[in-house]
**Q** 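First the structure, then my questions, so here it is.
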Amino acid sequence: MPSRPSRRSPRSFSTSQFNVNVLGLLLTTQAAVKHLGEGASIINIGSVVTRITPPGSSVYTGTKGAVDAITGVLSRELGPRKIRVNALNPGMVETEGTQSAGFIGSDFEKRHGRPDTARAPWPAGDIASIAVFLASDDSAWLTGEHLLAGGGLR
């Protein structure tokens, strides 16, 4: 099995990723939906890795695949309440997480990073503007969608 940039044990690494990416999404949605009214928008953060399926990423890719599936289910469950649910699936974004995990500047980034190498990695602001669109009335017809924001990475 290819090594990961992180030095955590596989068990804690897997549990941690699942808890944040899947359980956290479910618990947050469960708590938030009580306060959401008609026309509200839920934006789940998936990842382009569910399309590119890079070696050595089975746990992370699996959790982000779960985000995509949960997005579809929640869009159907919350649709009757006129609450939209979509997933924003970015490519590698420069965050504290990608830096501390050792992805920024790594061989993984070189192989699976941004195809338009003019700017790499993506700044978080590039993704924020897409989230603003999904939260706005301009995307009122979108629900249950997985919006890829990979800069051409597929």
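One is the number of the first residue; the rest follow in order along the sequence. Because the structure is predicted, anything quoted here is derived from the model rather than measured.
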**Q** Please say yes or no: joined through hydrophobic side-chain contacts below 4.5 Å, possibly via intermediate residues, are Leu27 and Ile83 part of one cluster?
**A**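 Hydrophobic grouping puts Leu27 with Ile83.
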**Q** What are the two closest non-hydrogen atoms of Pro90 and Gly46, and how far apart are they?
**A**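 Heavy atoms only, the tightest pair is CD-O, 3.5 Å.
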**Q** Output yes when a side-chain donor or acceptor of His146 lies under 3.5 Å from a complementary backbone atom of Ala87, and no otherwise.
**A**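 Such a contact is absent between His146 side chain and Ala87 backbone.
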**Q** Quick check: does any side chain N or O of Ser57 sit under 3.5 Å from a backbone N or O of Pro54, one acting as donor and the other as acceptor?
**A**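 Yes: the side chain of Ser57 pairs with the backbone of Pro54.
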**Q** Do Ile42 and Leu23 share a hydrophobic cluster, counting only Ile, Leu, Val, Met, Phe, Trp and Tyr and linking them when any side-chain heavy atoms are less than 4.5 Å apart?
**A**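 They do share one cluster, since a chain of ILVMFWY contacts under 4.5 Å joins Ile42 to Leu23.
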**Q** Is a side-chain N or O of Arg84 found less than 3.5 angstrom from the main chain of Ile43, in a donor-acceptor match?
**A**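 No, Arg84 side chain to Ile43 backbone: no donor-acceptor pair under 3.5 Å.
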**Q** Should Asn89 and Leu147 count as side-chain neighbours, where that means a heavy-atom distance under 4.5 Å?
**A**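 With C-beta onward as the side chain, the pair stays apart.
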**Q** How long is the straight-line distance from OG of Ser41 back to CG of Leu78, given to the nearest 0.5 Å?
**A**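 Result: 11.0 Å between the selected atoms.
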**Q** Between atom OG of Ser75 and atom CG of Leu142, what is the distance when rounded to the nearest 0.5 Å?
**A**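 It comes to 11.0 Å.
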**Q** For the residue pair Ala149 and Leu88, what are the closest heavy atoms and their distance?
**A**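 Heavy atoms only, the tightest pair is CB-CD1, 4.0 Å.
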**Q** Main chain of Thr50, side chain of Thr61: is a donor-acceptor contact present, judged purely on distance under 3.5 Å?
**A**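 Between the backbone of Thr50 and the side chain of Thr61 there is no qualifying donor-acceptor contact (under 3.5 Å).
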**Q** Which distance, rounded to the nearest 0.5 Å, do you find between the CG of Leu134 and the CD1 of Ile130?
**A**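 Nearest 0.5 Å value for the CG-CD1 distance: 8.0 Å.
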**Q** State whether the side chain of Thr28 and the backbone N or O of Leu25 hold a donor-acceptor pair below 3.5 Å, judged by distance alone.
**A**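 No; zero donor-acceptor contacts below 3.5 Å.
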**Q** Of all heavy-atom pairs between Arg76 and Pro80, which one has the smallest distance, and what is that distance?
**A**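 Looks like O-CD, 3.3 Å.
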**Q** Between Glu77 and Val73, is there a side-chain heavy-atom distance shorter than 4.5 Å?
**A**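 Val73 reaches Glu77 side chain to side chain.
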**Q** Any donor-acceptor pair under 3.5 Å linking the side chain of Asn86 with the backbone of Glu145?
**A**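 Yes, Asn86 side chain to Glu145 backbone: donor-acceptor pair under 3.5 Å.
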**Q** Taking Thr143 for the side chain and Val85 for the main chain, is one N or O donor matched with an acceptor at less than 3.5 Å?
**A**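 Such a contact is found between Thr143 side chain and Val85 backbone.
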**Q** Assess the side chains of Asn44 and Thr71: does a donor N or O sit below 3.5 Å from an acceptor N or O?
**A**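 Thr71 and Asn44 do have a side-chain donor-acceptor pair below 3.5 Å.
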**Q** Using atom types as modelled and distance alone, determine if a side-chain donor or acceptor of Lys64 lies under 3.5 Å from a backbone N or O of Val59.
**A**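 Side chain of Lys64 to backbone of Val59, a donor-acceptor pair under 3.5 Å: no, none is there.
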**Q** Counting only N and O atoms by type, is there a donor-acceptor contact under 3.5 Å from the side chain of Gln17 to the main-chain atoms of Tyr60?
**A**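 Such a contact is found between Gln17 side chain and Tyr60 backbone.
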**Q** Go through the steps to decide whether Val67 and Ile45 satisfy the test side chain to side chain contact (heavy atoms under 4.5 Å, CB included), and finish with yes or no.
**A** CA-CA 7 Å; Val67 169; Ile45 304 300; over 6 Å; no
**Q** Side-chain heavy atoms under 4.5 angstrom apart, residues restricted to Ile, Leu, Val, Met, Phe, Trp, Tyr: same cluster for Val20 and Val49?
**A**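 No.
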**Q** Between Thr63 (side chain only) and Asn21 (backbone N and O only), is there a donor and an acceptor less than 3.5 Å apart?
**A**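 No; zero donor-acceptor contacts below 3.5 Å.
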